[in-house]
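Computed from a prediction, not measured in an experiment: that's the story for all the values here.
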Amino acid sequence: MRSKAIWASLLVAGAAVADAGDARVLIVDGFSNHDWRHTTRAIQSVLHQAGGFDVAVATFPSDPAALEQWNPAFSDYDVVIQNCNDIQSKTQWPRRVQAALETYVANGGGLYVFHSANNAFPDWPEYNRMIGLGWRNRNFGWAITVDGAGTEVRIPAGEGENTGHGKRRDVRVTRLGDHPIHAGLPRQWMAADIEVYRYARGPAENLTVLSHAADEKTGLHFPTEWTVAYGKGRVYSSTFGHVWRDQTDPEGMRCAGHRTLIPRIVQWLAKRPVDPAVPADFPSADSARLQ
């Protein structure tokens with residue numbers, strides 16, 4: 001386990017001077033029912049430790065005058081990491097910013113929908129298409145389960161439940177296929193402190209499930225990672241990476257499996273080669289491991 005001093009030192013990720021060949025990453029934050037500040041710092045620390053990433057942050061302004069001038073330059077970046085969630089605040093991005101993200105992804109940009117950002121913006125139609133599945137009510141759209149043969153089963157709107165989850169726990173994740181993000185990883189591993197979203201719903205267009213896990217309540221297997229092809233762009237979503245306000249050292253961000261995935265996800269979204277190295281402390285199918 002890393003000492004808190006080392007963990008804290010990693011949070012100054014933006015201090016390093018980026019190499020010209022680094023993948024350019026923009027984290028967009030500013031509001032969430034989760035701890036968005038801590039989440040952003042944790043993402044920065046993981047990418048900084050991995051190396052090869054130039055990370056900037058665009059924070060939604062609380063001042064209305066500043067909001068009038070808030071126009072994140074998405075096209076300047078290879079990947080945008082979305083870390084906003086409007087469930088409690090009902091805060092919305094200005095329509096011009098929404099349209100800019102739509103254009104960015106459709107033209108080939110990479111979008112990383114980080115944990116609770118999957119819950120956001122149910123009334124934004126193109127966002128629903130980009131994320132594929134989100135935290136929505138039972139009448140919203142398709143839900144997906146994975147059966148014992150590894151086959152995706154689609155559940156139509158109106159069947160099943162609203163999106164929900166049980167307690168956070170260490171969960172055995174099973175990957176499907178051989179996606180570049182998962183190169184060299186075991187078929188199963190124990191992910192630390194995650195939520196399995198049952199009945200995440202949405203348009204589910206051009207969607208590929210990468211991994212799944214069992215929900216305690218229903219016994220069904222639901223997606224834990226998935227990608228969406230949106231125009232020329234790539235979108236990745238997962239339920240990994242929970243950071244709540246009472247978590248000073250969140251295990252979901254210290255999970256050796258998740259910390260291995262984050263740089264790979266960004267590399268794939270940026271359409272760069274994915275580093276296939278698998279750390280010695282990668283979790284087994286029976287035991288989660290923390291860094």
Count I, L, V, M, F, W, Y as connected when their side-chain heavy atoms are under 4.5 Å apart, and connections chain through other members. Are [X] and [Y] then in the same cluster?
{"X": "Ile155", "Y": "Val196", "value": "yes"}
{"X": "Met253", "Y": "Val57", "value": "yes"}
{"X": "Leu101", "Y": "Ile43", "value": "no"}
{"X": "Ile265", "Y": "Val274", "value": "yes"}
{"X": "Phe240", "Y": "Ile27", "value": "yes"}

From [X] [atom1] over to [Y] [atom2], what is the distance, rounded to the nearest 0.5 angstrom?
{"X": "Ile262", "Y": "Phe53", "atom1": "CD1", "atom2": "CZ", "answer": "10.0 Å"}
{"X": "Thr39", "Y": "Asn83", "atom1": "OG1", "atom2": "CG", "answer": "5.0 Å"}
{"X": "Gln291", "Y": "Thr260", "atom1": "CD", "atom2": "OG1", "answer": "6.0 Å"}
{"X": "Met190", "Y": "Cys255", "atom1": "CE", "atom2": "SG", "answer": "10.5 Å"}
{"X": "Arg289", "Y": "Ser284", "atom1": "CZ", "atom2": "OG", "answer": "5.0 Å"}
{"X": "Trp70", "Y": "Asp63", "atom1": "CH2", "atom2": "CG", "answer": "14.0 Å"}

### Query
Knowing that exactly one of Val46, Val266, Leu26, Val25 qualifies, which makes a side chain to side chain contact (heavy atoms under 4.5 Å, CB included) with Val55?
Val25

### Message
Name the residue from Leu176, Ile181, Val173 that meets the side chain to side chain contact (heavy atoms under 4.5 Å, CB included) definition with Leu210.
### Response
Ile181

Testing the basics here: between [X] and [Y], what is the closest heavy-atom pair and its distance to 0.1 Å?
{"X": "Arg172", "Y": "Ala213", "answer": "O-CB, 3.6 Å"}
{"X": "Ile87", "Y": "Asn85", "answer": "N-OD1, 3.0 Å"}
{"X": "Ala288", "Y": "Ala191", "answer": "CB-C, 4.5 Å"}
{"X": "Val113", "Y": "Ser237", "answer": "CB-OG, 3.4 Å"}
{"X": "Ala204", "Y": "Trp142", "answer": "CB-CB, 4.2 Å"}
{"X": "Ala120", "Y": "Tyr127", "answer": "O-CE2, 3.4 Å"}

Backbone N/O of [Y] and side chain of [X]: donor-acceptor pair under 3.5 Å:
{"X": "Arg136", "Y": "Asn119", "value": "yes"}
{"X": "Arg24", "Y": "Val79", "value": "no"}
{"X": "Thr91", "Y": "Asp86", "value": "no"}
{"X": "Trp135", "Y": "Ser116", "value": "no"}
{"X": "Asp29", "Y": "Cys84", "value": "no"}
{"X": "Tyr197", "Y": "Leu133", "value": "no"}
{"X": "Asn118", "Y": "Phe114", "value": "no"}
{"X": "His258", "Y": "Gly252", "value": "yes"}
{"X": "Asn128", "Y": "Pro122", "value": "yes"}
{"X": "Asp215", "Y": "Leu220", "value": "no"}

Within-4.5 Å side-chain heavy-atom neighbours: [X] and [Y]:
{"X": "Asn206", "Y": "Thr227", "value": "no"}
{"X": "Val228", "Y": "Ile131", "value": "no"}
{"X": "Leu67", "Y": "Phe60", "value": "yes"}
{"X": "Asp178", "Y": "Arg187", "value": "yes"}
{"X": "Val235", "Y": "Val105", "value": "yes"}
{"X": "Thr59", "Y": "Trp36", "value": "yes"}
{"X": "Leu269", "Y": "Asp78", "value": "no"}
{"X": "Glu251", "Y": "Leu290", "value": "yes"}

Quick test of your reading of the model: are [X] and [Y] salt-bridged, counting only N-O distances below 4.0 Å?
{"X": "Arg259", "Y": "Asp281", "result": "no"}
{"X": "Glu159", "Y": "Arg138", "result": "no"}
{"X": "Glu102", "Y": "Arg95", "result": "yes"}
{"X": "Arg169", "Y": "Glu216", "result": "yes"}

### Task
Quick one: do Val28 and Val80 satisfy side-chain contact (heavy atoms from CB on, under 4.5 Å)? Show the steps, please.
CA-CA 7 Å; Val28 184; Val80 171; 3.9 Å; yes

### Query
Is Trp244 isolated, or which residues cluster with it under the ILVMFWY side-chain rule of less than 4.5 Å, directly or via members?
none

### Task
Report the residue from Gln247, Arg254, His242 that forms a side chain to side chain donor-acceptor pair (under 3.5 Å) with Asp193.
Gln247

### Task
For Lys217 and Glu161, run salt bridge (Lys or Arg N to Asp or Glu O under 4.0 Å): C-alpha distance rounded to whole Å, both residues' side-chain angles, the deciding distance at 0.1 Å, then the answer.
CA-CA 12 Å; Lys217 177 182 176 181; Glu161 305 175 9; 3.3 Å; yes

### Query
Should Leu111 and Met130 be marked as a side-chain contact (heavy atoms from CB on, under 4.5 Å) after you check the CA-CA gap, both sets of side-chain angles, and the distance that decides it?
CA-CA 8 Å; Leu111 177 62; Met130 284 188 278; 4.1 Å; yes

Using distance alone, with no hydrogens and no angle criterion, decide if [X] and [Y] have a side-chain donor and acceptor under 3.5 Å apart.
{"X": "Glu205", "Y": "Tyr230", "answer": "no"}
{"X": "Thr239", "Y": "Thr224", "answer": "no"}
{"X": "Glu225", "Y": "His182", "answer": "yes"}
{"X": "Asn162", "Y": "Asn137", "answer": "no"}

### Query
Which ring-ring contact (aromatic ring centres under 6.0 Å, His included) pairs, counting each pair once, include a residue from residues 265-287, with sequence neighbours left out?
His179-Trp268, Trp189-Phe282

### Query
When you look at Glu195 and His115, which way does the side-chain contact (heavy atoms from CB on, under 4.5 Å) test go after all the steps?
CA-CA 9 Å; Glu195 296 166 335; His115 189 66; 3.2 Å; yes

### Message
Between Phe121 and Gln82, is the side-chain contact (heavy atoms from CB on, under 4.5 Å) condition met? List the steps.
### Response
CA-CA 12 Å; Phe121 307 137; Gln82 210 293 80; 3.8 Å; yes

### Query
If you count the non-hydrogen atoms of other residues, nucleotides and ligands that lie under 6.0 Å from CD in Gln69, is the total more than 12?
no

### Query
Does the separation of the ring centres of Tyr236 and Trp226 fall below 6.0 angstrom?
no

